[in-house]
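Structure first, then comments.
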Amino acid sequence: MFMFKAARRYPGFIKHHCIMLAMLAALPSAAIAGIQVSTQTKVVSSVPGVVARATNQGRVQAAQPVKVTLWMNLRNKAAFDQRVAALYTPGSATYHKWLTTSDLLTYAPTAADLQTVREQLEKDGLAVKVDESDPFAIRAQGTAAQMEAAFGTELNNFETDGTAFRANATEAIVKGAAASLVLSVSGLDNVPMKPLLTQAVNARTGKPLAPVPLAVVKAASSGLGGYFTDKCFHPATTYTLGETGQLPIGVYFGNVYSTGSLQCAYNAAQMQAVYGLQAVYKAGFRGEGQTIVVVDAFGSPTLISDANEFNKLNGLPLFTSSTLKIVDSDGQPLSGPLSGNWVGETSIDVEWAHAIAPAANIVVVATPSEDDQDFQYAISYATMHHLGGVISNSYGTPETEHGAVTLEAYNQVIEQAAATGIAVNYASGDHSDLMLGTPAGATLVPADTPYSTAVGGTSIGVPGGTGTAMQTGWGTNETLIAFDKADISDPPYNYGNDLGSGGGSSLYFAKPAWQKNLSGSYRLVPDVSLEADPLTGAVLVYTDPLYGTTVEAIGGTSLSTPMFSAFWALANQKAGHLLGQAAPIVSTLPSDAVTDIVPVSSPTNTVGTVVDSDGATYYSAAYLAEPLVHTKDFVSAIWPVSGEYLNLTFGTDSSLTVAPGWDDVTGYGTPNGLNFVTAAATE
């Protein structure tokens, strides 16, 4: 029944599901970085997994320019891994004694090694660039034909799910003396990373709720309060739906999710209150002396003006040229149409990091593309140039879409950051376990890497029937109960899972030491969580290419991740030094520092009875919440929206399930204000 319903909603689901299962089975035994094809060749780029389900559009034109980044093997890699492990082992002599740049460079390739690889690339006709400040990478440019010859592969154009991309159709190799020196090559494929912000949408139309023009909000005497509210749920009510005097008639009773003409979105002060931040600020911790690095593709040409409008509406300190800086790690960011709403992504990252740590500086590293190589290079650039103590990243793609060698490249650059005490945080994703609606599965890259901290999502303010608001793991199912007040759905139509916190088990990376008490053998995601549900979301100001500068309700792990990054900056301030990767510390914090998100339910979840010519049919709360998979406890509410009546569930995240302790929806839980900051700082 579950697969059948998914197939109704998502055309091609069964075909894609089968492809997905094949990819899942294949990945753990896929070739890892470092496999030797022979003593003189080495695989440096696997075929991306997404190619298996894509349509081949033919060969890339021979003269098309292509840029690649070669990530070099570390010298004494085993010794480096052991040294990093000691940095994160409580009780070791070097615990939290971070590597300096000079220390890190002792593991860099030698000048002779770099020259060997440079000569090989130049022999193949490529233009080569080595940044003296970052000897871990070599960048090269050339035509597609030159790249094919240099790496022994063929570059093809592909298309899937409306996205066009380039990829190597066969494994790429490095030959000769360079073979033992290169870890991976990124850039032969340009499969795009996806930003992870989400908007509240009408389930039936699929269209986002309408944004409000900034000018309208500014002109209103009530400001944000005239258009947005954190009072999103109301006491249980009975709705009688259907044409008066005619069948069918539906009578539904349950909690109500309704904001009238407003949208559900928390402002900065309201979100600060949710997480007990006023006590943190009163204790003297607002982020002074800290810098949060935000990595996004392209950036936003209106970022500073948008962010300062957000600050004015929320009573936050305005940014100056010294407190908000925008840099690019490799040339100027691209201009023109911005794929995947990176303008909005950059805005939410900056605005909500600032809302949590209002005195911290922010540096935005804007990459010139949304490709792996530029995101990897941005992390390395931020590390080698000491841009800040926390790096916040709100993007990702399914692990199974990539090749194994690409995963190793991400892991290496993030490990180098961790070695210097920098916390690198990634959003865990907005589409639950990726099993519905997408032919993928497992966790997202780079949230799945052992040296990153993966940030999941929750829903806040949901009713518990006790008069107090609760948190649930973010995961929403939607069921249509009426097209309008006079036209019911008979029977109710389960749309199924809409959005939810990403999580689960990596299929590639082994479980890190600090997860030794958790089940399984592979890296588990997420580690921690904060508000991410767009239905209980946050206010965002940004300049949309179509709508101009607007204010709207926004969510996604693109909201939870910059908020957690800001929390970690506050902990760094309290400690007086960098704390390094957050996840190992979070896993050890006491219960009063991290709020464990546990299964919750409401005594007034939605139930209904439909009377038609066949008689009366009762629909239980569980029926109206389907598909529940492993979930038994949830909160549901009736949502009258755009004339329709929907049943929403909160805490239903496909096959992922909230549980006491660590779980694959919320990790260990959510930060608890001053207790979290204090406990993290003393580890």
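For clarity, every value in this text was computed on a predicted model and none was experimentally measured. Because only heavy atoms are used, hydrogens play no part in the values below, and waters and symmetry mates are left out as well, while side chains stay in.
Aromatic ring centroids of Y645 and F483 lie 6.0 Å or more apart. Residues Y252 and Y239 place their aromatic rings such that the two centres sit no closer than 6.0 Å.
Residues satisfying the ring-ring contact (aromatic ring centres under 6.0 Å, His included) criterion with Y275, sequence neighbours excluded, are absent altogether. Residues that satisfy the ring-ring contact (aromatic ring centres under 6.0 Å, His included) test with F650, not counting sequence neighbours, are F233. Scanning for salt bridge (charged side-chain N to carboxylate O under 4.0 Å, His left out) contacts around D430 gives an empty result, with sequence neighbours left out. Applying the side-chain hydrogen bond (donor to acceptor under 3.5 Å, both in side chains) criterion to S392, with sequence neighbours excluded, gives S565.
Proximity of a side-chain donor or acceptor of E626 to a complementary backbone N or O of G496 within less than 3.5 Å is not detected. Remark: the backbone N or O of P235 is paired with a side-chain donor or acceptor of T237 at under 3.5 angstrom.
The shortest heavy-atom contact between L507 and E399 is N-OE1, 2.7 Å. Across all their heavy atoms, F165 and T160 have their closest contact at CE2-CG2, 3.8 Å. Nearest heavy atoms, G396 versus L196: N-CD1, 4.0 Å. Closest approach of T453 and A583 over heavy atoms only: OG1-N, 2.9 Å.
With Y227 as the fixed residue, the side chain to side chain contact (heavy atoms under 4.5 Å, CB included) test singles out one of V551, V539, V217: V217. Shown are I481, L646, L480; of these, the side chain to side chain contact (heavy atoms under 4.5 Å, CB included) with Y493 is made only by L480.
Under the 3.5 Å distance criterion, with hydrogens and angles disregarded, no donor-acceptor pair is assigned to the side chains of D349 and T346. Remark: the N647 side chain and the T606 side chain contain an N/O donor-acceptor pair separated by less than 3.5 Å. No side-chain donor-acceptor contact under 3.5 Å links D498 and T476. Under the 3.5 Å distance criterion, with hydrogens and angles disregarded, no donor-acceptor pair is assigned to the side chains of H234 and S258. A donor-acceptor contact under 3.5 angstrom links the side chains of T549 and T543, judged on distance only. Between the side chains of D653 and S501, not a single donor N or O lies within less than 3.5 Å of an accepting N or O. A donor-acceptor contact closer than 3.5 angstrom is absent between the side chains of E159 and T55.
Under the salt bridge (charged side-chain N to carboxylate O under 4.0 Å, His left out) criterion, the residue pairs touching residues 526-552 are R523-D527, with sequence neighbours excluded. Listed by first and then second residue, the salt bridge (charged side-chain N to carboxylate O under 4.0 Å, His left out) pairs involving residues 208-230 are K218-E309 (not counting sequence neighbours).
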Residues K485, E243; criterion salt bridge (Lys or Arg N to Asp or Glu O under 4.0 Å); working and verdict = CA-CA 8 Å; K485 191 171 184 179; E243 188 74 32; over 6 Å; no
Show your working on side chain to side chain donor-acceptor pair (under 3.5 Å) between N255 and Y257 and close with a plain yes or no.
-> CA-CA 7 Å; N255 304 308; Y257 173 90; over 6 Å; no
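Using a 4.5 Å cut-off on side-chain heavy atoms (C-beta onward), S558 and E345 make contact. N393 has its side chain out of reach of P446: every pair of non-hydrogen atoms, C-beta onward, lies at least 4.5 Å apart.
Here K194 does not pair with E401 in a salt bridge; the nearest charged N to carboxylate O distance is not below 4.0 Å.
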